[in-house]
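The model shown is predicted, which means the values in this text are computed figures rather than measured ones.
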Amino acid sequence: MQRYFRLVLFAVVLLVVLAIPVAAVLARTYFLAPTAQPVKAQPIQFPHQVHAQAMGLDCTFCHRGATTSAQATIPALEFCMNCHKVIPWQGRPELEKLVQAFESGQPVQWTKVHQLPDHVHFVHAVHLNFGFQCADCHGDVAAMGKPGVKQVRDLRMGDCLTCHQQNNARTDCSVCHY
Amino acid sequence: MPRWGMVIDLDRCIGCGACVVACQAENNVPINTEDVYHQRRAIEWIRLERYWDGEYPDIKARYIPVPCMHCQNAPCEPVCPVYATYHTSEGINMQVYNRCIGTRYCSVNCQWHVRFFNFWEPKWPDSLKNQLNPNVTVRSRGVMEKCTFCIQRIVKAEHQAKLEGRDLRADEFTTACAQACPTDAIVFGDLDNPNSRVAQLVNSAVNERGYRLLEDLGTEPSVYYLKKVDLEAPVEEHSSHQG
């Protein structure tokens, strides 16, 4: 009995010690502020820097839904190909991925960076119409280069409410939750 | 600020159930199976009540579609311990799903039985996954849900009006049940806008044959019903009440 007790005790201690790093990783993803999350990997490393900064394209040139609807929308591959069919892509791995996806007809599964819960309904159009700039929430995306877009603003409910109160917007629950 | 309301004309209602189906599709209401009905746990934000009038063969079917009454003095609201149900400034009795902790007090206190509890995680067959409405939250297990007067449509219309820099027009949009009704029995709109159909009905037809379900409870429902016009029905004596 004594021997078994020591064995069980050892196993429990081992389990706890092993569980600590696992718990730490889980805690990091669950409890850290969204802005502290590491940059999410994307299937294609799309350089906003090239498009929005070097070429000076407006955000809404590609994210066309932003001014008219709830979703800012990510353009279809056909839209990318309007330009990229005349831009040499051979030997450039990220562009090859784009052309390959276009030719195979498989949409690119982008990873969502600014992830709101399902019970929150944010409408881009009214916020832009009020006079906000994309950068007010999304930061200087144009300067974000290869590793990808990072969330720079908290965008949790406290953040939304503070801004709504400062701008005399409605703070009814049903403005966002329905 | 609008005040949303509804008029349901029972003289027009044929009991087809299109409103029920439309509501289920619009609002991501889970599919009710037979055993769910037997357990009395079916979720129908608007339901069709059927009554039989008379004895066979002189029998008539009577139908009453019952959505949430959106009472202005709602009995469900003060009993919620976490303020998950509240009244919006536009007269809608709202349920905030992410606040709800599922005590079900509100459902006990509702006389119309139009609040529903999610006893299970809602499931849809794969073929129906793509028909879910992205503008409506899918309620998870353990929260109450109820008719919202299709608030996603209200919000959308209000945003559209704001983008175009104008006020909401009368009858610019309607709820799913009213839209699906083949006989136009359900009319939804702004009670405060004199140009809306619902306000005109409240000012005319409701005076003649209007009533509200369980009106004497004093909860001020926002849903008005118009009585069935039955020429064969025995004439009621009205004079005895007015002394």
Next on the checklist: Apply side-chain contact (heavy atoms from CB on, under 4.5 Å) to residues B/Leu168 and B/Asp190 and explain how you reach the verdict.
Outcome noted: CA-CA 10 Å; B/Leu168 267 181; B/Asp190 181 3; over 6 Å; no

Checklist entry - Is any side-chain N of the basic residue among B/Glu49 and B/Arg47 closer than 4.0 Å to the acidic one's carboxylate O? => result yes

Checklist entry - Got more than 12 heavy atoms from elsewhere within 6.0 Å of CG, B/Asp184? => result yes

Checklist entry - Should B/Asn133 and B/Glu26 be marked as a side-chain hydrogen bond (donor to acceptor under 3.5 Å, both in side chains) after you check the CA-CA gap, both sets of side-chain angles, and the distance that decides it? => result CA-CA 6 Å; B/Asn133 187 349; B/Glu26 168 77 16; 3.3 Å; yes

Item to check | Toward chain A, the part of B/Tyr83 with a non-hydrogen atom under 4.5 Å | outcome: neither

Next on the checklist: I want to check something: taking the side chain as every heavy atom from C-beta on, are B/Ile46 and B/Cys147 in contact at a cut-off of under 4.5 Å?
Outcome noted: no

Item to check | Contact leader toward chain A among B/His159, B/Lys162, B/Glu90, where contacts are heavy-atom pairs under 4.5 Å | outcome: B/His159

Item to check | B/Thr88 portion near chain A, given a 4.5 angstrom heavy-atom threshold | outcome: both

Checklist entry - Highest number of heavy-atom pairs under 4.5 Å with chain B: which of A/Thr67, A/Thr68, A/Asn129? => result A/Asn129

Next on the checklist: Whether A/Arg156 and A/Asp159 form a salt bridge (side-chain N of Lys/Arg under 4.0 Å from carboxylate O of Asp/Glu) is what I want to check.
Outcome noted: no

Item to check | pair B/Val7-B/Arg197: side-chain heavy atoms closer than 4.5 Å | outcome: no

Distance-only donor-acceptor hits, side chain of residues 173-181 of chain B, under 3.5 Å, sequence neighbours excluded:
residue	atom	partner	partner atom	Å
B/Thr175	OG1	B/Ala178	N	3.4
B/Gln179	OE1	B/Arg153	NH1	2.7
B/Gln179	OE1	B/Arg153	NH2	3.1

Checklist entry - Contact part of B/Ser140 toward chain A, heavy-atom cut-off under 4.5 Å: side chain, backbone, both or neither? => result neither

Checklist entry - Quick one: which residues of residues 162-178 of chain A reach chain B at under 4.5 angstrom, heavy atoms only? => result A/Arg170, A/Asp172, A/Cys173, A/Ser174, A/His177, A/Tyr178

Item to check | Intermediate values then yes/no, side-chain contact (heavy atoms from CB on, under 4.5 Å), A/Phe130 and A/Leu128 | outcome: CA-CA 5 Å; A/Phe130 182 77; A/Leu128 288 181; over 6 Å; no

Next on the checklist: Which residues in residues 106-123 of chain A have any heavy atom closer than 4.5 Å to a heavy atom of chain B?
Outcome noted: A/Asp118, A/His119, A/His121, A/Val123

Checklist entry - Which word best sums up how the rings of B/Phe149 and B/Phe188 line up, parallel for under 30°, tilted for 30 to 60°, or perpendicular for over 60°? => result perpendicular

Checklist entry - Do NZ/NE/NH1/NH2 and the carboxylate oxygens of B/Arg3 and B/Asp192 come within less than 4.0 Å? => result yes

Item to check | Flag if over 12 foreign heavy atoms under 6.0 Å of CZ, B/Arg40 | outcome: no

Item to check | Side-chain touch B/Trp112/B/Leu214, heavy atoms, less than 4.5 angstrom | outcome: yes

Checklist entry - Would B/Lys146 and B/Glu44 pass as an ion pair if we require N to O under 4.0 Å? => result no

Next on the checklist: Need one label for B/Glu145: side chain, backbone, both or neither, based on atoms under 4.5 Å from any heavy atom in chain A.
Outcome noted: neither

Item to check | Stepwise side-chain contact (heavy atoms from CB on, under 4.5 Å) test for A/Glu94 and A/Lys97 | outcome: CA-CA 5 Å; A/Glu94 298 303 312; A/Lys97 278 191 228 167; 3.4 Å; yes

Next on the checklist: Tell me if a side-chain donor or acceptor on A/Asp136 pairs with a main-chain N or O of A/Phe132 at a distance below 3.5 Å.
Outcome noted: no

Checklist entry - So which residues of residues 96-110 of chain B are in contact with chain A at a heavy-atom cut-off of under 4.5 Å? => result B/Val96, B/Tyr97, B/Asn98

